[in-house]
Amino acid sequence: MKNKRTVLYSLIILLTGAIYFAVLVQQKNDTHRANFSGEWKSKESISMGGNIVCCYNSGDRMRAKTMKITEQANFLTIEVSSSFPGTAPVTSQEKLAFNGKESEINNGPERGKKFTVKLSADGQTMTVNSIVHLMVPAPYHVDVQEQLVVYVTEIWKLSDDGKSISVQTNAKSNLFGSGRSWKTVFDKVS
């Protein structure tokens, strides 16, 4: 009888320890994940730094200097307002899902973008890979349109203090020779 109690107490202690350890490990994973939520402002848009602003429509998050980000468990929602110089701002919302599946924004015939989003295993960086396509006038032949395809990779990192987001961007295209790289920093407003 005494042996059964000892075995029972031992099992209870082991089970309690296992549950405590599982909860502790889960809490550590949650505390290390970056949280991009908030309102963010930059001196220039992400696309302006690489001077590829012509690739994006009004209202696209790549043209915006201010972003309002709401983060959920598996995706971000980014609200922006942007425009071309001399035109009225266009407000839009873009959902970036962390599942790695392709999403698409269609801005009309021969114009739009496809993108995928991945969150790093440690939850500290987000990578957005986009293919932007549009029709542009051919050099020296303004009346002839040709397809422009721009391949863009953005690597988003939240600073350790959570007060800024740096976006390292690399772009290459079928029309401009070498690729371009630049960094845009957004500071937290609220």
Side-chain angles (χ1 to χ4, degrees), residues 31-85 89-105 107 111-134 148-190:
T31 58
H32 290 317
R33 181 172 166 179
N35 185 347
F36 294 98
S37 292
E39 190 168 336
W40 304 89
K41 188 173 179 110
S42 179
K43 292 179 184 172
E44 63 184 6
S45 68
I46 295 172
S47 65
M48 195 62 196
N51 198 18
I52 60 168
V53 74
C54 63
C55 301
Y56 298 98
N57 281 357
S58 290
D60 194 289
R61 70 174 175 78
M62 293 292 284
R63 294 185 56 79
K65 294 180 184 177
T66 303
M67 299 186 290
K68 183 178 180 184
I69 301 174
T70 306
E71 185 168 347
Q72 304 296 323
N74 299 316
F75 64 91
L76 294 179
T77 303
I78 302 176
E79 294 178 44
V80 299
S81 179
S82 63
S83 65
F84 288 104
V90 176
T91 302
S92 70
Q93 189 177 71
E94 193 169 319
K95 181 179 176 180
L96 303 180
F98 301 140
N99 60 11
K101 293 182 181 177
E102 187 173 80
S103 298
E104 182 173 5
I105 296 175
N107 293 319
R111 192 170 183 94
K113 70 178 175 179
K114 295 179 181 181
F115 58 93
T116 60
V117 182
K118 282 232 174 199
L119 195 61
S120 64
D122 66 0
Q124 297 302 301
T125 60
M126 177 177 69
T127 302
V128 182
N129 288 305
S130 303
I131 301 171
V132 181
H133 51 92
L134 66 150
L148 171 66
V149 180
V150 183
Y151 303 91
V152 182
T153 299
E154 305 163 64
I155 300 172
W156 292 45
K157 281 189 170 200
L158 186 67
S159 64
D160 290 338
D161 63 3
K163 294 183 179 178
S164 66
I165 297 173
S166 66
V167 182
Q168 178 63 47
T169 309
N170 301 306
K172 59 184 173 178
S173 168
N174 63 328
L175 293 184
F176 51 83
S178 62
R180 298 176 182 174
S181 295
W182 65 96
K183 185 177 185 177
T184 308
V185 176
F186 287 84
D187 295 314
K188 193 163 196 172
V189 176
S190 65

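When a residue number appears, it is its place in the shown sequence, counting from 1.
In terms of modelled atom types and a separation under 3.5 Å, the side chain of Thr116 and the main chain of Gly100 share no donor-acceptor contact. Distance alone, capped at 3.5 Å, is enough to place a donor-acceptor pair between the Ser42 side chain and the Glu44 backbone. Judged by distance alone, with hydrogens and angles left aside, the side-chain atoms of Ser37 form a donor-acceptor pair with the main-chain N or O of Glu71 at under 3.5 Å. Trp182 contributes no side-chain N or O that, together with a main-chain N or O of Ser47, makes up a donor-acceptor pair within less than 3.5 Å. Under a 3.5 Å cut-off, the side chain of Ser82 and the backbone N or O of Gly59 do form a donor-acceptor pair. Between the Asn174 side chain and the Leu148 main chain, no donor and acceptor come within less than 3.5 Å of each other.
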query = Going through the distances and angles, do Trp40 and Ile69 end up as a side chain to side chain contact (heavy atoms under 4.5 Å, CB included)?
reply = CA-CA 8 Å; Trp40 304 89; Ile69 301 174; 3.7 Å; yes
request  = Give the C-alpha distance, both sets of side-chain angles, the deciding distance and a yes or no for side chain to side chain contact (heavy atoms under 4.5 Å, CB included) between Thr77 and Gln93.
outcome  = CA-CA 7 Å; Thr77 303; Gln93 189 177 71; 3.3 Å; yes
task = Please test Thr169 against Val152 for side chain to side chain contact (heavy atoms under 4.5 Å, CB included), starting from the C-alpha separation and ending with a verdict.
result = CA-CA 7 Å; Thr169 309; Val152 182; 3.7 Å; yes
inquiry  = Between Ser92 and Val80, is the side chain to side chain contact (heavy atoms under 4.5 Å, CB included) condition met? List the steps.
reply    = CA-CA 6 Å; Ser92 70; Val80 299; 3.5 Å; yes
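Residues Thr127 and Val117 form no side-chain contact, since every pair of their non-hydrogen atoms from C-beta on lies 4.5 Å or further apart. Residues Thr66 and Phe186 fail the side-chain proximity criterion, which asks for heavy atoms closer than 4.5 Å. Under the 4.5 Å side-chain criterion, counting only non-hydrogen atoms from C-beta, Leu96 is not in contact with Phe75. Side-chain atoms of Lys95 and Ser103, non-hydrogen and from C-beta on, never get closer than 4.5 Å to each other. A heavy-atom distance below 4.5 Å is found between the side chains of Arg61 and Val128.
In this structure, Ser81 and Pro89 approach most closely via the heavy-atom pair OG-CB, 3.3 Å. Closest heavy-atom contact between Arg111 and Leu134: NH1-CD1, 3.0 Å. Taking all atoms of both residues into account, the shortest heavy-atom contact from Val149 to Ser173 is O-OG, 3.1 Å. Heavy atoms only, all atoms of each residue included: Phe115 and Glu104 are closest at CE2-N, 4.5 Å. The two residues Gly38 and Lys188 make their nearest non-hydrogen contact at CA-CE, 4.1 Å. Across all non-hydrogen atoms, the minimal contact from Ser130 to Glu154 is OG-OE2, 4.2 Å.
The distance from the CH2 atom of Trp156 to the OG atom of Ser120 is 14.0 Å, given to the nearest 0.5 Å. Separation of atoms CG (Leu119) and CG (Asn74) is listed at 9.5 Å; rounding is to 0.5 Å. Expressed to the nearest 0.5 Å, how far CE of Met62 lies from CD1 of Ile78 amounts to 10.5 Å. Considering CD1 of Ile165 and OG1 of Thr125, their distance stands at 12.5 Å, rounded to 0.5 Å. Here NZ of Lys65 is found 8.0 Å from NZ of Lys41. Values are rounded to the nearest 0.5 Å. Remark: Glu39 CD to Met67 CE distance equals 10.5 Å, nearest 0.5 Å.
Within a 6.0 Å radius of CG in Asp161, other residues, nucleotides and ligands contribute more than 12 heavy atoms. Summarising the local packing, CG of Asp160 is surrounded by 12 or fewer heavy atoms from other residues, nucleotides or ligands at distances under 6.0 Å. The 12-atom threshold is not exceeded at NZ of Lys68, counting heavy atoms of other residues, nucleotides or ligands nearer than 6.0 Å.
Glu94 and Lys113 are joined by a salt bridge, as a carboxylate oxygen and a charged side-chain nitrogen come within less than 4.0 angstrom of each other.
Thr153 and Asn170 share no donor-acceptor pair across their side chains, judged by distance under 3.5 Å alone.
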